[in-house]
Amino acid sequence: RIKLGEVWDGIAVSLAARGKNVEKLFTIAPGANSGAIAIEVAGGTLRLAPDGDLCINCGMEDAGIVTFTAPVAWQEVDGTRIPVQVAYRVLEGQGNRYGFTLGDHDQTRPVFIDPLLQSTYLGGSDSDEARALVVTSEAVYVGGKTWSYGFPGTTGGAQAAGNYDAFVTKLSLDLHTLIQSTYLGGSDGSDEASALAVTTDGIYVGGTTHSTDFPVVTNGAQGTPGGNRQDNESDAFVAKLTLDLHTLTQSTYLGGSGNDEASALAVTSTGVYVAGKTASLNLPGVTNGAQVAPGGDRQNNESDAFVAKLSLDLRTLTQATYLGGDYDDYASALAATTDGIYVAGATANNFPGVGGGVQETKGGYYDAFVAKLSPDLRTLTQSTYLGGNYDDYALALALTNTGVYLAGYTYSTDFPGTTGGAQETYAGGYDSFVAVFSLDLHTLGSATQVMLFRYGIVSMA
């Protein structure tokens, strides 16, 4: 690191070389004017991208566009980083220069701006996809699926070799070190991880498997696959690994005779909750559940959302329930509290329990939904639609002490609740959305839409 000292009044700059990146770190003293920062770029034209990146058009065919990722800012309070909103701004009328705009922050403390913290590739010689992410005070855990034989860091892992398998990787918080990876899957079918949860006792992994020999399912809640592999049907799975990824403690299948997929996972002191979608007529453990019978027409290949609760050791299926109407439904997000289990996804018709909810009637063909179940999964406390005149899909869910936050994407021009939101009007194509509900799902706060420029998965943590 090279310290350049105080470049503007009260603003110091350092350069840090990390891997192939050179980072600029700005330290703004209490009371200093962050608007004084001005960095000039030679040899290109600046513009801001809608996602907050700063783009430099080099005007050369062989150079193209150079992109700086959106900046990050924070303050430190008792050793904890408190995020501060920050964005690039192009300084109009000052030539080819840019600076920063800061949001509200504590004026009595320094502010740190880092336009690039660190990024890293993670993969082998073939295709690799990350589907889940958890950050603890000690490490970053990533899960997904890999087609690579040589996935990095698997030596010493719970499963050192594989292909077409799920993977889990542990990285240092600064992303400088790959601590450990492991494959996770059987030998005769593909496997993928879609959800992670980390406790002091281990790492729980949820996903989908087509394998008939998924590892360490003996003594699990369901030791044998339910779906017919000759018809390419899958089961959900849940697995538990040690924090060092050296040992697979226990796994279990979860599914009936049709296709079953797990997409979300949450852990409490009483059990492991998993949610996804099922095309099975005989999903195990639904007796006494909030919805004991499937809603979708299996002859038309329709599915239901499901939620299941397993013991922490994955050896007992405590309770499961279908969750859906008479067409197609799936769950994509899950959050658990001592007061209830929140599930979100998309539904095509007649979703149960919406009476008294924020939106009691469906708006388009597919609407997003949020549902709240009792912790024992035996009672559907409340549900609600969320959607406008076209299709709407929920993909992510987060809870605070005062509200339920939902994110996804919408094709609707009249998405509900956007008045007063950060973006009140539909932009075109399909937009992402963020909405907040009261914890009882009776009230919708402000919702906002944000334009998506390419198809992808919206995630929120």
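Given the structure is predicted, the values throughout are model-derived calculations rather than measurements. These values consider heavy atoms only, across backbone and side chains, with no hydrogens, waters or symmetry-generated copies.
Side-chain atoms of Ser303 do not come within 3.5 Å of backbone N or O of Lys277 as any donor-acceptor pair. In terms of modelled atom types and a separation under 3.5 Å, the side chain of Thr400 and the main chain of Gly403 share a donor-acceptor contact. Using modelled atom types, one side-chain atom of Gln75 and one backbone atom of Arg109 make a donor-acceptor pair closer than 3.5 Å. One N or O on the side chain of Ser311 and one on the backbone of Thr316 form a donor-acceptor pair closer than 3.5 Å.
Salt bridge annotation for Glu192-Arg131: present, with a cationic side-chain nitrogen under 4.0 angstrom from a carboxylate oxygen. Between Asp339 and Lys372 there is a salt bridge, since a side-chain N of the basic residue sits under 4.0 Å from a carboxylate O of the acidic one. Contact check on Lys240 versus Asp201 returns a salt bridge, with a Lys/Arg side-chain nitrogen under 4.0 Å from an Asp/Glu carboxylate oxygen.
Side chain to side chain, Thr413 and Asn389 meet the donor-acceptor criterion of an N or O pair below 3.5 Å. Looking only at atom types and distance, the side chain of Asp414 has no donor-acceptor partner in the side chain of Tyr426 under 3.5 Å away. In this structure, a donor-acceptor pair under 3.5 Å is present between the side chains of Asp188 and Thr212. In this model, no donor atom of one side chain and acceptor atom of the other lie less than 3.5 Å apart for Thr347 and Asp367. Judged purely by distance below 3.5 Å, without hydrogens or angles, the side chains of Thr146 and Asp128 pair a donor atom with an acceptor atom. A donor-acceptor contact under 3.5 angstrom links the side chains of Lys309 and Thr270, judged on distance only. The closest side-chain donor-acceptor pair between Asp304 and Thr278, if any, does not fall under 3.5 angstrom.
Within the model, atoms CG of Asp106 and CD1 of Ile82 stand 10.0 Å from one another, a figure rounded to the nearest 0.5 Å. Atom CG of residue Leu395 and atom CZ of residue Phe433 lie 7.5 Å apart, to the nearest 0.5 angstrom. With rounding to the nearest 0.5 Å, the separation of CD in Gln291 from CG in Asp329 is 8.0 Å. With rounding to the nearest 0.5 angstrom, the NZ atom of Lys170 is 6.5 Å from the CD atom of Glu138. From Leu248, atom CG reaches atom CZ of Phe214 across 7.0 Å, with rounding to the nearest 0.5 Å. Between Asp392 atom CG and Gln359 atom CD the span is 8.0 Å, to the nearest 0.5 Å.
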Quiz prompt | Check against side chain to side chain contact (heavy atoms under 4.5 Å, CB included), Leu386 and Thr384 | solution = CA-CA 7 Å; Leu386 182 66; Thr384 183; 5.7 Å; no
Exercise. For side chain to side chain contact (heavy atoms under 4.5 Å, CB included), just list the numbers for Tyr405 and Phe437, CA-CA rounded to whole Å, side-chain angles, deciding distance to a tenth of an Å, and then say yes or no.
Key: CA-CA 6 Å; Tyr405 289 82; Phe437 298 83; over 6 Å; no
Exercise. Decide side chain to side chain contact (heavy atoms under 4.5 Å, CB included) for Thr338 and Thr268; before the verdict, give the C-alpha distance in whole Å, the side-chain angles of both, and the deciding distance to 0.1 Å.
Key: CA-CA 8 Å; Thr338 55; Thr268 70; over 6 Å; no
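Between Tyr393 and Tyr409, the two ring planes are parallel [angle under 30°; tilted spans 30° to 60°]. The aromatic rings of Tyr411 and Tyr390 stand perpendicular to each other, their planes meeting at an angle above 60°, with 30° marking the opposite boundary.
Considering every non-hydrogen atom in both Gly325 and Pro352, the closest pair reads N-CD, 4.1 Å. The nearest pair of heavy atoms linking Ser332 to Ala264 is O-CB, 4.0 Å. Here the closest heavy-atom approach between residue Ala336 and residue Tyr273 is recorded as CB-CD1, 4.2 Å. His210 and Asp191 make their closest contact through N-OD1, 4.1 Å (heavy atoms, listed as atom of the first residue, atom of the second, distance).
The environment of Tyr327 atom OH is sparse: at most 12 non-hydrogen atoms of other residues, nucleotides or ligands sit within 6.0 angstrom.
In this structure, Lys362 satisfies the cation-pi test against Tyr365, with its NZ or CZ atom closer than 6.0 Å to the six-membered ring centre and inside 45 degrees of the ring normal.
No close placement of the Phe369 and Tyr385 rings is indicated, their centers lying 6.0 Å or farther apart.
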